[in-house]
Amino acid sequence: MPALEIKENVYWVGAVDWNIRDFHGYSTYKGTTYNSFLVMDEKIALFDTVKKPFQSEFLHQLRQLTDPTKIDYIIVNHVEMDHSGCLPEIIELIKPEKIFCSVMGEKAIQSHFHPKDWPLEVVKSGDTLNLGKKTVHFLETRMLHWPDSMFSYIAEDKLLISSDAFGQHWSTSERFDDQVDEAELISHTAKYFANILMIFSPNVQKLLQKVEEMNLEIDMIAPDHGLIWRKNPQQVIEAYRGWCHYEAKEKVVMVYDTMWHSTEKMAKAIYEGLVKEGVSVKMMDLKVNHRSDIVTEILDAKAVLFGSPTLNNGMLPTMADVLTYLKGLRPKRKIGAAFGSFGWSGESVKHINGFMETMGFDIVDEGIKVKNVPTHEDYQKCFDLGVKVAQAVKAELSDA
Ligand code: FEO
C-alpha cells in the first residue's frame, strides 16, 4: 500500500497483513494492519514501525516520502513485536538522533533487543517534543495493554496516535472509518476490546477520565491496528466507556459442547425458557465457534450459561479452553449457571461452577445435571432454568 497523508504532513506508512488468522489465540479471520505514522516537519519523526516480515515494503513507503536517513526521531509507543519487529534494522539504517519511549518502554526495548548504543530518551506523561510547527505530547498508558504503552498527541493536528487502544484487527484497503461499513467496524473494535483490553478495564476507566480532565481536543484517533477514526472519534471513546464499565444488555450467551447431543438438547431447552422471557440469546456451540468470538459476545451480555458433559471426571477440553481464556480476561458483573449430561460420575457442573466462582459470577442456580439422555422432566427443568436466568438478568438490569 502506498503511504497516505492523513493530516497535513502526517502520513500513514503501515502494512496490511491480509493473511494472518491467529494472533496468539485471537482469531483474525479478516487479517490486520500494522499502522505506523511519519510526521514531516522541521524534524522528521516516525511513530512505531511494523512487524518484521513487512520491513521491506515499509522501507519502500518511507522512501516514497523521504530518504530514511533524514528521519530524526523514532517514537516507540509500544514495544510488542508487531510494532517493533523491524526496529533494529530500521535504527541501523536511519541512525536516528533520538529514540523516545516510556520508562517501561526502555526496559522492554532492553529485554527484547539488548541494544548497546541506541540513543534512547525516556519520556513521561506531560513531556513534549517540538518538531518545528508541530509538538508531540506524550501520555503514558501503562497496561493498555503493556507496561510500556504510551499515546502521542499532536496538538496542532488534534491527532491522537493511540498505539493499540481503539484499534481493530481488520485488513482493508481503506484507511478511515467513514470508508467502511460502520457496523462491521464496531464489531471488530468490540472484539479487539473484549480479547485484549477487557482485563484492563479499570485502567481504561482511569485513562478516559484523565483524557477528559486534560480537555484534549481530538478530531482524529490513529491506532496501531485497523481503521483511523476521523468521522466521529468520540464514537469509539464512548464505546470504550461502556465496555470498560461492564455495561451489559438483556442478552445471554449460551456456551456449550456436547458428546452424544444430550447437553445440546439441554441447551436448546434452556434457550426456549430464555426466549420465552424475551431476552436476546446467542447459542455458541464450541465445535463451531472460536473462543475469541465467544468472548466478544460475552462482552455486552448480562449472563452466560456454560454447558458441558462430564469427561474423565472433568469437562470437555473445549470448555476448559474457553473458561481458562475467559478467566484471564476478568469479565465482571455477569450472571451465570452451568449444565451438562453425564454417564456415571457427573463432575462437569461442579468444575464449571468453580470457574464461575473464581470469576466472581453471580451464580443464580446450582446447575443442572442429566444422566445420559434428558427425560421430559429434565427438559422442563432446563426450560425453567432459562426462565430463571432471564428473570435474573431483567431484575439486575432494572436495578442498575
Ligand atoms: Fe499491536 Fe500490543 O501490539
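Along the sequence shown, the residues carry numbers beginning at 1. Ligands are counted one by one from 1 in listed order, and the atoms in each one are counted from 1 as well.
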Self-check item: Option from Phe23, Phe58, Phe54 for which ring-ring contact (aromatic ring centres under 6.0 Å, His included) with Tyr34 holds
Solution: Phe54

Quiz item: Does some side-chain heavy atom of Lys334 sit less than 4.5 Å from a side-chain heavy atom of Asp362?
Solution: no

Quiz item: Do Pro223 and Ser163 come within less than 4.5 Å of each other through their side chains, counting heavy atoms only?
Solution: no

Exercise. Name the orientation class of the two ring planes belonging to Phe193 and Tyr240 (parallel below 30°, tilted from 30 to 60°, perpendicular beyond 60°).
Key: perpendicular

Practice problem: Could you tell me the angle subtended at atom 1 (Fe) of ligand 1 by NE2 of His83 and OD2 of Asp82, rounded to 10°? | Solution: 90°

Exercise. Using 2.8 Å as a strict upper limit, say whether an N, O or S atom of Asp164 approaches atom 1 (Fe) of ligand 1 that closely.
Key: yes

Quiz item: Quick one: angle Glu80 OE1 - atom 2 (Fe) of ligand 1 - His145 NE2, to the nearest 10°?
Solution: 90°

Quiz item: So, His78 and atom 1 (Fe) of ligand 1: N/O/S under 2.8 Å, yes or no?
Solution: no

